[in-house]
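Treat the numbers as computed from the prediction; the structure is a model and nothing was measured. Numbers for residues simply follow the sequence, beginning at 1.
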Amino acid sequence: MSLRWKLVLSIGIPVLVVYGILIWVQYSTLRDTALADARTSARLASESWANSFNGELHGVAQAVDAIAYAVAMHTSLQEEEVYLLNEQLMDQNQLVAGSSVAFKPRQWLPHVDQYAPYSWEIEGEKKRRDLAKEYDYTTREWYTEGADGTAGWTEPYDGPVFGSLLVTYSTPVVREGQVIGVVAADIALLPLQQQLMESGPEGMTTMLASPDGKFIVHPDPERIFSDSVQSEADRTGTESLAAWSRDAKGGNAGFQQLARYPMNRDHWLLYSPVKATDWSMAAAFSKDDILEPVHRQLVLNLILMGAGLLTLLAIITFAGFRIVRPVRKLAGAVRKLGDGDLEVRVDPPSGRDEIGDLARGFNEMTERLQENIRVLALETAARERFEGEMHVARNIQEMLLPKAFPALPDRNDVEVWALNEPARVVAGDFFDIIDHGDRITVVMADVSGKGAGAAMFMSMAHTIIRIFDSENLPLTDLVHRLNQCLYPDSKGTMFVTLVILRYEPSSGSMEFVNGGHPQPVAISSAGSVQLVGNSTGPLVGAIEQADWTSLTHVLEPGDRLVLYTDGVTEARNESGAMLGTEGLLEVLEQDSMKRDTSELLCKNLVKTIHQREPGEPSDDITVLVLGRPLHSS
């Protein structure tokens, strides 16, 4: 073992032991404090809720007693007045979902056996019903609870009107020392359940048990009203639940620790009585939730301890390195460099001896090597990005251009040939031929810019032209709407030059719009060559508000129309001079060109451009020839 590792271990191990003891002491302290705080919070929560519900339910009881007194004092109440008393009770107490004044047999009127006017509210609308017409209410617990002359709360039961679980407070109506009926107020338990399930703090579970121990609120819905605290104690074998059951029946508060209950988790349970109803309110905190912040703090402390220990070990290791001879340090750095670690550096020893010079020379060498590799990587990445972009652009351009020629082989009344020679740097040339039967739409266009951006703009223009052409819009309107579609995206930074024409093979007539594109060239059957028309409007997509006009031309039998992009006229010879429009006309006026078929005319014109411009062309070269045959049927 080397000297520096002996130094690291001799100091690091004792420090690690001390850190471990400190962490354990802190964890124990935090755990005890968290458990004590949670117990206090649970006790306060259970007592607070118990007191709150006790107050609310006591208020309901007082209001019901007041209604019973009013009924007892008025010996000549009308039916409408009884219903109004019920509805007054509901209006004054939000917990009251329904109210009834149920008279003993023949106490309402001598000839009426049973009468129990009942009012309730559903979705903001008050309803009325005589319960005597629904069932024999004198056998129901809510009636017998008060009919014996004492007021009290019922056990939860299924309400026949609401179709949901209720608990009812009933108080007798005593007139001249005789019980003549019962005033009952229904409390719907579903809102109470939801309030308890939602209002507790994070990590706390609420439970509510009736006087006989049945669960009114429980985190497991299947336990509500189907199980009691005692039955759960018997099922799970949990003595703590049995103790809660005993305390709940005795109206006592208490504290219990529950193992794997509820929801199969350990909890601390604190409960308090709701004296108005003899219910028992319980708040349970999961031990896992209580100790989670402690565990997080423990993890944080361990991380800090590890960071501190690593820092200390780094300092010790550094000191060890200072002790070891500089040559070994330099040898280790050389091995790392051989393994490909270009970040390796050597701290030269103090002084200006040969070893120090060697260390500084080594650092300079690795820095230059790293910089050279970084520059090479950047250049390679840039080149790969550029080539990838060009590949995408070329694919887009190839997808848009028609591939089979002649373009309309099934027709003998028109002849269309085209040829596209792409430059190495993809530009934005595209053309299209759309056969509508009685008319043919031909497009020759050039998008400004190069690369993927120009290709995407080209794709947009191509698609928009096809959509509007299918609607048979007038050409000027078509170009105008194309401009409206392209300008918002380009803001004039990208644009299209184009010639778009509609040709009628039956007559040879055509209408065309020229948006800043090179003029087409017409070659007559007699051999004359001339430019056709001028630009009829600005570049498309360059100006937000612009208009275009259209021109017409007629192809006689044997005539041809040549469309091309600026890659033809801007081709430069060795001296840098461009071909230009006049040079193009001179090329086309050659007898060999005029006698060529449309296919050979395309190929020979492109060949002439390549011969003029040595090396790779700087721009796409695109030529399209539209011809009207001499004889067609």
Side-chain angles (χ1 to χ4, degrees), residues 393 396-397 400-401 420 426-434 441-451 453-503 510-522 530-553 561-571 578-582 584-585 618-624 626:
I396 294 173
Q397 188 178 40
L400 297 180
L401 298 180
N420 170 258
V426 179
D429 288 8
F430 74 94
F431 61 89
D432 202 1
I433 302 128
I434 309 169
T441 300
V442 178
V443 181
M444 174 64 69
D446 186 2
V447 175
S448 64
K450 302 180 185 300
M456 295 303 295
F457 202 74
M458 173 203 315
S459 175
M460 287 177 56
H462 178 274
T463 303
I464 294 169
I465 289 173
R466 276 195 166 249
I467 292 173
F468 290 157
D469 183 61
S470 67
E471 298 174 1
N472 199 22
L473 291 176
L475 281 182
T476 55
D477 291 347
L478 187 154
V479 176
H480 181 76
R481 292 182 65 179
L482 173 64
N483 184 75
Q484 290 179 326
C485 292
L486 295 181
Y487 182 84
D489 291 328
S490 68
K491 301 298 184 183
T493 58
M494 297 187 70
F495 52 84
V496 181
T497 70
L498 62 78
V499 171
I500 179 170
L501 62 87
R502 283 179 179 155
Y503 174 65
M510 68 177 70
E511 178 189 12
F512 66 91
V513 173
N514 186 332
H517 198 78
Q519 297 168 265
V521 178
Q530 63 179 353
L531 296 173
V532 177
N534 292 312
S535 178
T536 63
L539 310 173
V540 181
I543 303 173
E544 183 175 7
Q545 299 295 333
D547 294 301
W548 288 263
T549 58
S550 63
L551 298 174
T552 58
H553 184 72
L561 186 71
V562 180
L563 304 176
Y564 54 93
T565 59
D566 57 6
V568 173
T569 54
E570 293 179 0
M578 292 191 297
L579 175 64
T581 303
E582 294 299 325
L584 174 61
L585 294 177
S618 60
D619 201 354
D620 288 3
I621 299 173
T622 305
V623 178
L624 182 146
L626 171 66

>> Apply side-chain hydrogen bond (donor to acceptor under 3.5 Å, both in side chains) to residues T536 and N514 and explain how you reach the verdict.
In response: CA-CA 5 Å; T536 63; N514 186 332; 5.9 Å; no

>> Determine whether N420 and F431 satisfy the following criterion, side chain to side chain contact (heavy atoms under 4.5 Å, CB included), listing intermediate values before the conclusion.
In response: CA-CA 9 Å; N420 170 258; F431 61 89; 4.3 Å; yes

> Can you list the steps and then say if L624 with I433 is a side chain to side chain contact (heavy atoms under 4.5 Å, CB included)?
Replying inline: CA-CA 10 Å; L624 182 146; I433 302 128; 4.1 Å; yes

> Checking side chain to side chain contact (heavy atoms under 4.5 Å, CB included) for the pair L563/H517: CA distance, chi angles, key distance, verdict?
Replying inline: CA-CA 10 Å; L563 304 176; H517 198 78; over 6 Å; no

>> side chain to side chain contact (heavy atoms under 4.5 Å, CB included) for D446 and L498? Distances and angles first, verdict last.
In response: CA-CA 6 Å; D446 186 2; L498 62 78; over 6 Å; no

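Annotation: the span from F430 atom CZ to F457 atom CZ amounts to 9.5 Å, rounded to 0.5 Å. A distance of 14.0 Å separates CD in E511 from NE2 in H553, rounded to the nearest 0.5 Å. A distance of 5.0 Å separates NE2 in H462 from CZ in R466, rounded to the nearest 0.5 Å.
Between V479 and I500 the shortest side-chain heavy-atom distance falls below 4.5 Å.
None of I464, D432, L482, I434 except one satisfies the side-chain contact (heavy atoms from CB on, under 4.5 Å) rule with D469; the exception is I434. Residue M510 is tested with V442, V532, L626 for a side-chain contact (heavy atoms from CB on, under 4.5 Å); the sole match is L626.
With respect to the salt-bridge test (charged N to carboxylate O, under 4.0 angstrom), the residues E471 and R481 qualify.
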